[in-house]
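Here is the structure we will look at.
Naming: A, B, ... by sequence-line order, numbering from 1 per chain.
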Amino acid sequence: MASINITVDGVARSVESDQRPTHIFAEDKSIVVARVNGELRDLWSELKDGDVVDGVAIYSPDGLSVLRHSTAHVLAQAVQQTFAQTRLGIGPPIRDGFYYDFEPERPFTPEDLEKIETTMRKIVKDGQRFKRRVTTEADALKELAHEPYKCELIGIKSGGNEETSVEVGGSELTIYDNLGRDGEPVWSDLCRGPHLPSTKLIPAFKLMRSAGAYWRGSEKNPMLQRIYGTAWPSQDELNAYLEMLAEAEKRDHRKLGQELDLFSFPEEIGSGLAVFHPKGGIVRRAMEDYSRKRHEDEGYEFVYSPHITKAALFETSGHLEWYAEGMYPPMILDEEHHADGTIKRAGQQYYMKPMNCPFHNLIYRSRGRSYRELPLRLFEFGTVYRYEKSGVLHGITRARGFTQDDAHIYCTKDQMAGELDSLLTFVLNLLRDYGLEDFYLELSTRNPEKSVGSDEDWQAATEALRKAALAQNLELINDEGGAAFYGPKISVQAKDAIGRTWQMSTIQVDFQLPQRFELEYAASDGTRARPVMIHRALFGSIERFFGVLTEHYSGAFPPWLAPVQVMAIPVADAFTDYLGDVVKALKAAGIRAELDASDDRMQKKVRNAQMQKIPYMLIAGEEDQKAGAVSFRYRNGEQKNGVPLAEAIAEISAAVQSRAQV
RNA sequence: GCCCCCCUAGCUCAGUCGGUAGAGCGUUUCCAUGGUAAGGAAAAGGUCACCGGUUCGAUUCCGGUGGGGGGCUCCA
């Protein structure tokens with residue numbers, strides 16, 4: 001047999017020409033796919049002289065994708081075995097798992113999923129080999145005549161996007177046959193591949209849920225039924241993933257919002273409209289107060305604006321043109337009608353404000369402005385109302401009424417770069433003060449289809465934002481075409497305590513609104529010039545940030561944010577008066593302290609305070625009272641007994657002042 | 001908005017194959033005076049989300065509305 005010269009994992013080797021990656025990597029069971037000359041290939045693919053071959057382990061990012069995509073295939077096979085009339089959509093790998101879209105005769109039930117999962121386990125146990133077969137468009141169309149969605153993919157092969165390319169991308173059209181024990185195909189699917197060599201190599205998977213999803217992601221297309229699953233290189237990793245999900249569920253802000261009595265969404269008010277209870281009110285006020293102080297230090301000026309306005313304002317700003325469907329419909333006032341119902345006198349339309357910028361522009365324009373006033377920074381906790389589609393509402397993080405910590409900076413073009421730079425530093429430091437540590441940045445650039453303005457302006461702004469972003473030494477991701485219609489933006493993405501990312505602050509440059517509102521200032525040479533406008537929100541929405549922090553801290557807020565900082569617990573009734581005095585002293589020191597004078601036993605009071613996630617319990621009995629002391633019980637169960645009252649107050653105050661977590 | 005699922009006491013949930021309901025926690029009162037995560041007893045508390053339909057009879061079946069959940073699409 002002739003031999004060929006190849007490079008394996010960076011080492012030149014000579015092997016017999018019938019050797020395939022599966023033989024070359026036979027020693028290492030974790031290798032499930034190979035990278036041949038930079039492209040992912042099945043372990044059974046043929047090699048030729050000069051190939052550069054690298055083994056790809058199942059736990060590498062590529063390996064995980066192949067594992068998950070292969071599991072999606074097993075899912076599709078199981079579905080068609082169980083429900084023969086089901087048509088196939090696509091089945092790509094996604095973060096932590098995979099999905100497959102189907103058009104079933106009727107939507108899947110939870111019981112269906114169990115049945116399908118059982119069938120999947122049989123297929124995995126069967127050890128079916130994934131065998132690649134190259135076909136032609138004509139043959140594929142014939143073979144898959146009963147699969148209308150697959151045929152559509154074949155038709156759009158060239159112009160496919162990221163997701164569809166999983167099925168039909170690459171230079172050749174391929175079908176994968178699953179071979180049973182007898183070597184005969186038991187099932188086939190159009191697919192680009194690659195796959196694991198065998199279904200047996202799927203170590204751990206689980207179906208998660210079914211949901212509707214539009215075919216190829218467009219709401220104009222029919223809705224298919226999607227099944228989500230997860231797959232991992234080991235059972236342990238699957239278990240860890242499921243535990244992470246359980247942990248996320250435990251710290252869901254909607255659940256904690258109720259358990260900790262922070263806020264609610266009364267049905268009587270309407271979907272997406274929250275009320276904050278006293279405890280939530282304290283957290284929120286602490287958040288706002290600190291933000292307000294920091295903004296003062298940074299040279300922001302505080303303004304207020306009304307919640308409703310005549311339509312003309314949003315016509316000027318362009319929002320009615322671009323976002324009317326996202327606004328609450330207008331209130332029509334003073335309209336007069338004839339007896340037959342026709343309009344005698346046109347009414348005045350008022351809208352709830354979906355944003356604050358037009359109001360700030362009017363404040364800017366309320367008098368002439370000089371270059372000496374710039375940068376002018378106007379800040380408002382502005383409550384806005386957006387008619388979000390009912391399906392997108394999510395607790396307090398996606399609501400219909402919410403309050404932005406909104407500011408608009410008016411500056412000269414020369415000042416723009418410096419302003420963006422200091423602004424981004426300010427934003428990140430403030431987020432750090434609230435306890436978020438792990439960030440990356442995203443730069444959203446122009447979408448030519450959905451934007452206005454000159455190329456030069458867009459480019460200048462985009463580059464200024466990029467420069468400011470790069471100066472932070474954080475990872476920077478490009479979001480091509482993701483900008484709003486009026487200008488590019490940087491958004492700050494933060495990772496929370498369990499590794500989920502949240503979009504936080506945004507900084508947007510805007511050349512449009514100054515033009516539309518004809519904003520001007522007198523330049524130093526006496527000419528009139530147009531300012532640049534920068535929109536920015538740190539929290540985005542206070543409610544949303546509240547929700548994110550609630551989940552980040554799992555409701556165990558650091559003392560400076562905690563609704564109740566100290567719960568005083570007497571060992572017995574006899575010490576209630578003493579602790580009453582202690583609480584008075586704490587309150588005098590500005591500490592939010594409460595006394596549990598109920599007739600519960602002490603143990604029960606400890607439990608109650610623990611479940612309310614109160615940072616400090618101060619307990620006192622006879623010994624403490626005699627010594628003028630208290631005993632600490634911390635959230636983690638640790639205790640420190642006999643602490644003199646003054647010392648206790650100092651310790652708590654210090655933690656509050658430093659915004660430390662305890 | 002679209003697909004699927006859900007709505008029973010303040011909360012978490014049982015339950016009624018159609019004959020108007022139950023537990024635990026919480027609340028109130030009483031007893032108990034207890035050193036670090038649930039002491040005991042009694043009581044109050046529900047038009048079974050709302051509106052229609054089918055039925056002798058609907059919390060239960062059907063339809064609609066409202067609210068919620070998981071996704072999709074969207075997010076100035």
List, with names and distances, any nitrogen or oxygen atoms from the protein found under 3.5 Å away from nitrogen or oxygen atoms belonging to nucleotides 61-64 of chain B.
none

Crowded around [X] [atom1]? As in, over 12 foreign heavy atoms under 6.0 Å?
X	atom1	answer
A:Lys613	NZ	yes
A:Arg95	CZ	no
A:Glu622	CD	no

Does A:Glu388 reach the main-chain N or O of A:Leu393 with its side chain, forming a donor-acceptor pair under 3.5 Å? no
Between [options], which one does the side chain of [X] approach most closely?
X	options	answer
A:Arg254	B:rC3, B:rG39, B:rG70	B:rG70
A:Gln258	B:rC72, B:rU36, B:rU12	B:rU12
A:Val606	B:rG35, B:rA37, B:rG71	B:rA37
A:Arg607	B:rG34, B:rG35, B:rA37	B:rA37
A:Asn641	B:rG1, B:rG35, B:rC3	B:rG35

Please report the distance, rounded to the nearest Å, between [atom1] in [X] and [atom2] in [N].
X	N	atom1	atom2	value
A:Arg95	B:rG71	CZ	C1'	17 Å
A:Asp599	B:rC30	CG	P	9 Å
A:Glu103	B:rC72	CD	C1'	16 Å
A:Asp112	B:rC3	CG	P	19 Å
A:Glu105	B:rC3	CD	C1'	17 Å
A:Arg226	B:rC2	CZ	C1'	13 Å
A:Arg601	B:rU36	CZ	P	10 Å
A:Tyr228	B:rG71	OH	P	7 Å

Could you pull out all residues at least two apart from [X] that satisfy ring pair (Phe, Tyr, Trp, His ring centres under 6.0 Å)?
X	result
A:Tyr364	A:Tyr410
A:Tyr241	A:Trp232
A:Phe632	A:Tyr616, A:Tyr634

Only one of A:Ile363, A:Leu362, A:Asn361 passes side chain to side chain contact (heavy atoms under 4.5 Å, CB included) with A:Arg365; say which it is. A:Leu362
Do any side-chain nitrogens or oxygens of [X] fall under 4.0 Å of OP1 or OP2 in [N]?
X	N	result
A:Gln225	B:rC72	no
A:Arg635	B:rA37	no
A:Ser210	B:rC4	no

Are A:Phe83 and A:Phe102 an aromatic pair by the rule of ring centers under 6.0 Å? no
Where each pair must be Watson-Crick or G-U wobble with both distances under 3.5 Å, what dot-bracket representation of RNA chain B is obtained, with crossing pairs in [ ] and other-strand partners as |? (((((((..((((.....[..)))).(((((.......))))).....(((((..]....))))))))))))....
Identify the pairs formed between an N or O of the protein and an N or O of nucleotides 74-76 of chain B at a distance under 3.5 Å, and give each distance.
residue: B:rC74; atom: O2; partner: A:Arg398; partner atom: NH2; Å: 2.9
residue: B:rC74; atom: N3; partner: A:Arg398; partner atom: NH1; Å: 3.2
residue: B:rC75; atom: OP1; partner: A:Lys450; partner atom: NZ; Å: 3.1
residue: B:rC75; atom: N1; partner: A:Arg398; partner atom: NH2; Å: 3.4
residue: B:rC75; atom: O2; partner: A:Arg398; partner atom: NE; Å: 3.3
residue: B:rC75; atom: O2; partner: A:Arg398; partner atom: NH1; Å: 3.1
residue: B:rC75; atom: O2; partner: A:Arg398; partner atom: NH2; Å: 3.2
residue: B:rA76; atom: O4'; partner: A:Tyr323; partner atom: OH; Å: 3.0
residue: B:rA76; atom: O3'; partner: A:Tyr486; partner atom: OH; Å: 3.2
residue: B:rA76; atom: O3'; partner: A:Gln508; partner atom: OE1; Å: 3.3
residue: B:rA76; atom: O2'; partner: A:Tyr486; partner atom: OH; Å: 3.2
residue: B:rA76; atom: N6; partner: A:Gly326; partner atom: O; Å: 3.2

Under the 3.5 Å rule, do the base of B:rG71 and the side chain of A:Tyr214 count as making a donor-acceptor pair? no
Has the side chain of A:Ser271 got a donor or acceptor that lies under 3.5 Å from a partner of the other kind on the base of B:rG68? no
A:Phe546 and ring pair (Phe, Tyr, Trp, His ring centres under 6.0 Å): which partner among A:Phe276, A:Tyr553, A:Phe402, A:Phe539? A:Phe276
Select base, sugar-phosphate, or nothing to describe what [X] touches, counting heavy atoms under 4.0 Å on all strands.
X	value
A:Gln639	base
A:Ser317	nothing
A:Glu622	base
A:Val571	base

Please report the distance separating the [atom1] of [N] from the corresponding atom of [M], rounded so that it comes out in whole Å.
N	M	atom1	answer
B:rG24	B:rC7	P	22 Å
B:rA44	B:rC25	C1'	16 Å
B:rA9	B:rG45	P	15 Å
B:rU60	B:rU54	C1'	14 Å

Considering only residues two or more places apart or on different chains, which pairs with a residue in residues 318-328 of chain A satisfy side-chain hydrogen bond (donor to acceptor under 3.5 Å, both in side chains)? A:Ser317-A:His319
Looking at A:Ala78 and A:Ile116, what are the two nearest heavy atoms and their distance? CB-O, 3.7 Å
side-chain hydrogen bond (donor to acceptor under 3.5 Å, both in side chains) filter on A:Arg254, not counting sequence neighbours, yields A:Asp252, A:His394
Which residues pass the side-chain contact (heavy atoms from CB on, under 4.5 Å) test with A:Glu449, sequence neighbours left out? A:Asn447
Using salt bridge (charged side-chain N to carboxylate O under 4.0 Å, His left out), reason through A:Glu551 and A:Arg251 one step at a time and then give a plain yes or no. CA-CA 5 Å; A:Glu551 302 207 0; A:Arg251 53 173 74 209; over 6 Å; no
Considering only nitrogen or oxygen atoms on both sides, find all protein atoms under 3.5 Å from nucleotides 41-50 of chain B and state each distance.
none

Residues pairing under salt bridge (charged side-chain N to carboxylate O under 4.0 Å, His left out) where one sits in residues 257-270 of chain A, two or more places apart or in two chains, turn out to be A:Lys255-A:Glu259
Do A:Ser491 and A:Gln493 meet the criterion of a side-chain donor-acceptor pair at a distance under 3.5 Å? yes
Are A:Gln639 and A:Ser631 linked by a side-chain donor-acceptor pair shorter than 3.5 Å? no
I'd like a list of close polar pairs between nucleotides 24-27 of chain B and the protein, N/O only, cut-off under 3.5 Å.
residue: B:rG26; atom: OP1; partner: A:Lys604; partner atom: NZ; Å: 2.5

